[in-house]
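By convention in this document, chain letters (A, B, ...) are assigned in the order of the sequence lines, proteins followed by strands, and residues within each chain are numbered from 1.
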Amino acid sequence: MLLQQYRSLYRIRRVEEVIAAHYREQQMRCPVHLSIGQEAVAVGVCTQLHREDALFSGHRAHAHYLAKGGDLQALFAELYGKATGCCSGRGGSMHLIDLAVGFWGATPIVAGTVPLAVGVALAWQLQGRSGVSAVFIGDGAMEEGVVHESLNYAAQQQLAVLFICENNGYAVYTRLAGRQPPRQIHALAAAHGLTVAVADGNDVELVSQHSAAAVAAMRQGGGPQFLELTTHRWLEHCGPDDDDHLGYRQPGELAAWRERCPLALAAERLQVRDAVSEATLVQLRQQVEDEIAAALEAAQNAPEPDGCERLEHLYGE
Amino acid sequence: MLLQQYRSLYRIRRVEEVIAAHYREQQMRCPVHLSIGQEAVAVGVCTQLHREDALFSGHRAHAHYLAKGGDLQALFAELYGKATGCCSGRGGSMHLIDLAVGFWGATPIVAGTVPLAVGVALAWQLQGRSGVSAVFIGDGAMEEGVVHESLNYAAQQQLAVLFICENNGYAVYTRLAGRQPPRQIHALAAAHGLTVAVADGNDVELVSQHSAAAVAAMRQGGGPQFLELTTHRWLEHCGPDDDDHLGYRQPGELAAWRERCPLALAAERLQVRDAVSEATLVQLRQQVEDEIAAALEAAQNAPEPDGCERLEHLYGE
Amino acid sequence: MASERQLSYAEALREAFVIALSRDPRVFLIGEGVPDPKGIFATTSGLAEQFGAQRVRDMPLSENGMTGICIGAALAGMRPVLMHQRLDFALLSLDQIINHAAKWRYMFAGRAHVPLVIRLIIGRGWGQGPQHAQALVALFAQIPGLKVVTPATPYDARALMLAAIADADPTIYIEHRWLHNIRDTVPEAVAIEPLQGGRVARQGQDITVVTYSYMLLEVHAAAAALAVAGVAVEVIDLRVIRPLDVALIVASVTKCGHLLVVDTGHGDFGVAAEVIAAVTIAAFTALQSAPARLGLPPHPCPTAPALSRDYYPDAAAVVTAIAQQLVLPQAVQQQALSLLQRGDHPHDTPYRGFNGPF
Amino acid sequence: MASERQLSYAEALREAFVIALSRDPRVFLIGEGVPDPKGIFATTSGLAEQFGAQRVRDMPLSENGMTGICIGAALAGMRPVLMHQRLDFALLSLDQIINHAAKWRYMFAGRAHVPLVIRLIIGRGWGQGPQHAQALVALFAQIPGLKVVTPATPYDARALMLAAIADADPTIYIEHRWLHNIRDTVPEAVAIEPLQGGRVARQGQDITVVTYSYMLLEVHAAAAALAVAGVAVEVIDLRVIRPLDVALIVASVTKCGHLLVVDTGHGDFGVAAEVIAAVTIAAFTALQSAPARLGLPPHPCPTAPALSRDYYPDAAAVVTAIAQQLVLPQAVQQQALSLLQRGDHPHDTPYRGFNGPF
Ligand SMILES: Cc1ncc(C[n+]2csc(CCOP(=O)(O)OP(=O)(O)O)c2C)c(N)n1
Ligand SMILES: Cc1ncc(C[n+]2csc(CCOP(=O)(O)OP(=O)(O)O)c2C)c(N)n1
Ligand SMILES: [Mg+2]
Ligand SMILES: [Mg+2]
């Protein structure tokens, strides 16, 4: 299990690094919000979801999309504005979808998809269908009223919704303390009547464990669950660069989090605890690199959408 | 003190009964939401506010307006759509204002005035002015996202805002349990980082005590406070009539609350505990009746606004 | 005869819900008060008893969140009908309506779509006032990805609700509180019509009057009065505001040569502006006089009867506007106006003098 | 000479903030990112350092709540300037804007009022896409009680911000991301002007082209090219969308006889519709041809460059529309178009070829 998760962590990290590297060529002409440093949240949660479970996300969604099984080539192609993109070029980085793997949609109005996830759970309850509907949000999203409306309804109706709050301590350049009073985010969800847990979001095994418990409870009718997972974003809020020189982080904060790299943590455990050989890891990494290189090339070579297509899909039929 | 409060309770009760009685004449041509049964909340809180403190309210605002010292004739006149109304006839029952006594405004979009109260406290903080800004909401308003946004900001900025949640157990015909999960409303505010208290809203002395503590804390820079006060509305949600025959209340619920009439409770204490004579109460009631009769007559005889006035006050200057 | 059956607008709407709930297990109704004793002005009364509390649902006071929740349910295969007792309350949910419902299909290139109906009621009279009487139809109609319908007759109340529920995209269904008691023929037989197109509600050749929702009643009354005085007004009921049926209006204006638009909302920046602009662009040479419009004045609705008395244009105002535009003789105008006496019926409660046919 | 001083639009706007914060202790700025290292595209950079964190404030991600909080602060005597980095985010706050800010003065008959400025930025290019590029100006302009301004020049960026801050009523200040780098003369001397009126931005007598915000640039470029080809275009920059300066447009149309409206937002149900309707009603006989409009097509903005390429009309589209309306000879149109070559400048980043004078 951890080896699979490490593979997923590594894959997400490298995909984002590749995006960052190529972003400067100005061929991916859309804003990108990278998750480098936060990968364990996506991987730990998504390994506990089935393909049929629904997942929603927001502006920082690449990791969630990939962890849920989203098509890699379609992601790259979407960033390149190609016809083979997961939204056929309609969306760019901030709009991702892959219904085949239960990735129902990511969009960049903060908290906008939160009630949608609740609505899917409501539909499934009405349809007598089992399944978990999950949504990733940031710490900033907790300030949006619609999240509270969603938590209230999920709790009142006892819907199978998993809210995952990826608390990276910042919204753009603004620290949590500049936006919220000194109290725990998960305690707020608990006060809404949800079952909650908080954990180190850089430890993929811990995230997995908590997610497994939450998802298991929901599959047994346990009502909505809320996970707060603490982590840190390494790069700038939007864009491919490091921005620590801007000085908005606490001194030493980024360095400390880099020390706690989710990949390094997992790799170390694999080698020390599970006695996985370096050769295994090297091979795994090479497979990932090959996959990424092939997907990137396919996306780069894919055709652009026909300009006339922009008129389609406003309404059905 | 209790005698003054009883006077205020009695006055509010009688004003609303008079409104109910005359409403059927169809001369007050606007929706009315009466507070009969809930008077102790308004009176207990407002006796702890200074005239200079700001107060906001919502659709069920007559009691709040009167308890804060709002002009009675201007209230009646507003309901009659007269030029001497507190909004010059612009608003009717659901829009009340009396800036001379710190009643900053009541409007009927549920929870709409909540952030405004926070904004006044922010302005006063910026201006270095002391003073408390207070807002009455119902239990239903707690479901609106904007209330959570307001609680968050008040707590984060440590603003002197008093939120009073008049929990009457219903929003229109819908029970609390049909709208919110089984958890305490005040616990939700506490999770936002506010200092909270909960009390029997039909006991004016209890309400006073809790309000006094909350207001005192705020005057010493103690940050925002939240009071949940449980009570019950005796009449229909909107309009002058009893509606218990509709059967939306629990059987016996209204009767039990009528047993706990805030006026009767206060009167009994005055007589039994404080040895106030029946004659004193009779005299007090008569004064109130006289005042109401005079104000009502003045409002009824007041002129209607000139139809052309409707074009004014869209913009200043 | 079955086709002679008369229903009120509210009854016809309720019948639409019965039909939709019976036929389609994906349909559910949701809104503050939907299953309560008043049943949204009796349009949902008894439905919870008939179809169960799961499908005829109350909801918390969370307009934006519940809109998003209905979008999610629609994505997952349901057909929610979300209701607000006043259009004004839906202003809390414009984020979910505009940013999400209207764009989901487009931004995901058709991979998913939102078959959601949002039903809004425009309040009027009895002191509805500034926050309970807004008629902001163009606010919704200007958003690509939404459809907007404004049924004015009992027949359309049912037909357009059924069309909206059957439609695969988000539809804003806007009705007017003063239409609820209007009665007209609604045949028992139901044909689900596509959600498009306006309707010539009355034929004439002297002037085209375009209107929608409640003002159709006032325009009909004006047209009837003018007919007696010898003026043949062609009345167009838009029915669907987005997509707008410009061709129908252009055809009428080409015949009549004169255009008046009577808006149920504000006169400026609203539906009337779009109709006049679209028609002038498309049929400039057909116009023999400047087009005109009549709508609410550019300020909120004041509450006091003395203040709201002249806020709402009525049939007399329509007659006056037409007389001005066609430069009718004074006597003709007076004759038409004299037929419009409402007696001493209060101006702030629905006028029941006109009941169709529409 | 001082009056020759050149500022970019962003610098001029920042200067407006410096002036307002210096002159008036009631003014404070607030918004997500206002004091951060990027300073809202550098328009607020350094202000927190200069005026303190109390007056140049960040805020939580709570658009509706913070709007209400600013309304409350305005009621208590402050002059808040609330900013959103994209207009799209303000859609979360339409309840507070429409139900509260716009109505407070009216519904309380002038007893209180809301001197609040809400600054919105329309995004464009570099993949802003469906939820970050909405240009919904008419959404605000249709609301009585609001004022709406859309400065297109550095001079107006400063002047209209100062006018909005000085104004006693809620003002929606809408700017376009692609204007930020435009440079033009902004004299150091500051006169606070009332918040009203449009402006003849270029004189001509062959056709009136009405526009606002970013599209003024494209219209200017088109007018300059057509001038070389012998066509004299009169350009009107609306500046203030509500209240709309109809008289100014009517005067121009009376002179020119032809009207084209170039909208920065959608072509239908928007500002162009109101302008065309108002002008046609007021000056029908002055029009020698059908009025025309040019605006965004009726669908959201797709992200991919290949899809967004033709979404935005440009100077060439303006030339073509004018040529069509005036039935210009092919050669004239070709000559004007040939002057508009943008070379290989990417279509999704701001075009810096035109820099005034405006
Ligand atoms: C409603 C809305 N307001 C503001 C923004 C601008 N914005 C984009 S991301 C972001 C910060 C979000 O912070 P958080 O939720 O903590 O997520 P993170 O970026 O840290 O992953 C903001 C303010 C937006 N996209 N939507
Ligand atoms: C935003 C909004 N949604 C819905 C309504 C309709 N409405 C008016 S009062 C009310 C119930 C309010 O319940 P609560 O807050 O508990 O106050 P109470 O009436 O019990 O005093 C509702 C739903 C409204 N006025 N505003
Ligand atoms: Mg964050
Ligand atoms: Mg209540």
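The minimum heavy-atom distance linking M28(A) with W126(D) is given by the pair O-CZ2, 3.6 Å. The nearest pair of heavy atoms linking A141(A) to L61(D) is N-CD2, 4.4 Å. Across E309(A) and L307(D), no two heavy atoms sit closer than the pair CB-CD2, 4.1 Å. R179(A) and M59(D) make their closest contact through CG-O, 4.3 Å (heavy atoms, listed as atom of the first residue, atom of the second, distance). In plain terms, the two heavy atoms of A304(D) and G81(A) that are nearest each other are CB-O, 3.4 Å. Here the closest non-hydrogen pair linking P108(A) and Q131(D) is CD-OE1, 2.7 Å.
Within the 4.5 angstrom heavy-atom criterion, only backbone atoms of D306(A) (N, CA, C, O) approach chain D. The contact between S88(A) and chain D is made entirely by backbone atoms, counting heavy-atom distances below 4.5 Å. Proximity to chain D involves both the backbone and the side chain of I109(A), based on heavy atoms less than 4.5 angstrom apart. Proximity to chain D involves both the backbone and the side chain of Q26(A), based on heavy atoms less than 4.5 angstrom apart. Of the atoms belonging to N64(D), not a single heavy atom falls under 4.5 Å from chain A.
If you take CE on M94(A) and CD on Q128(D), they are separated by 6.0 Å, rounding to the nearest 0.5 Å. Rounded to the nearest 0.5 angstrom, E304(A) CD and R309(D) CZ are separated by 6.0 Å. Taking CD of E312(A) as the reference point, atom NE2 of H299(D) lies at 10.5 Å (rounded to 0.5 Å). From E143(A), atom CD reaches atom CD of E32(D) across 8.0 Å, with rounding to the nearest 0.5 Å. Of the inter-residue distances, the one linking H95(A) atom NE2 with H132(D) atom NE2 reads 7.5 Å to the nearest 0.5 angstrom.
Atom CD of Q324(D) is surrounded by 12 or fewer heavy atoms from other residues, nucleotides or ligands within 6.0 Å.
Considering only heavy atoms from C-beta on, L92(D) stays 4.5 Å or farther from V146(A) through its side chain. Residues P297(D) and R310(A) form a side-chain contact, since some pair of their non-hydrogen atoms from C-beta on lies under 4.5 Å apart.
Among the candidates G89(A), G178(A), G85(A), the residue making the largest number of heavy-atom pairs closer than 4.5 Å to chain D is G89(A). Per-residue heavy-atom pair counts under 4.5 Å with chain D were compared for P31(A), G307(A), G145(A), G140(A), and the maximum is reached by P31(A).
T303(D) places a side-chain N or O within 3.5 Å of a backbone atom of R90(A) that can act as its donor or acceptor partner.
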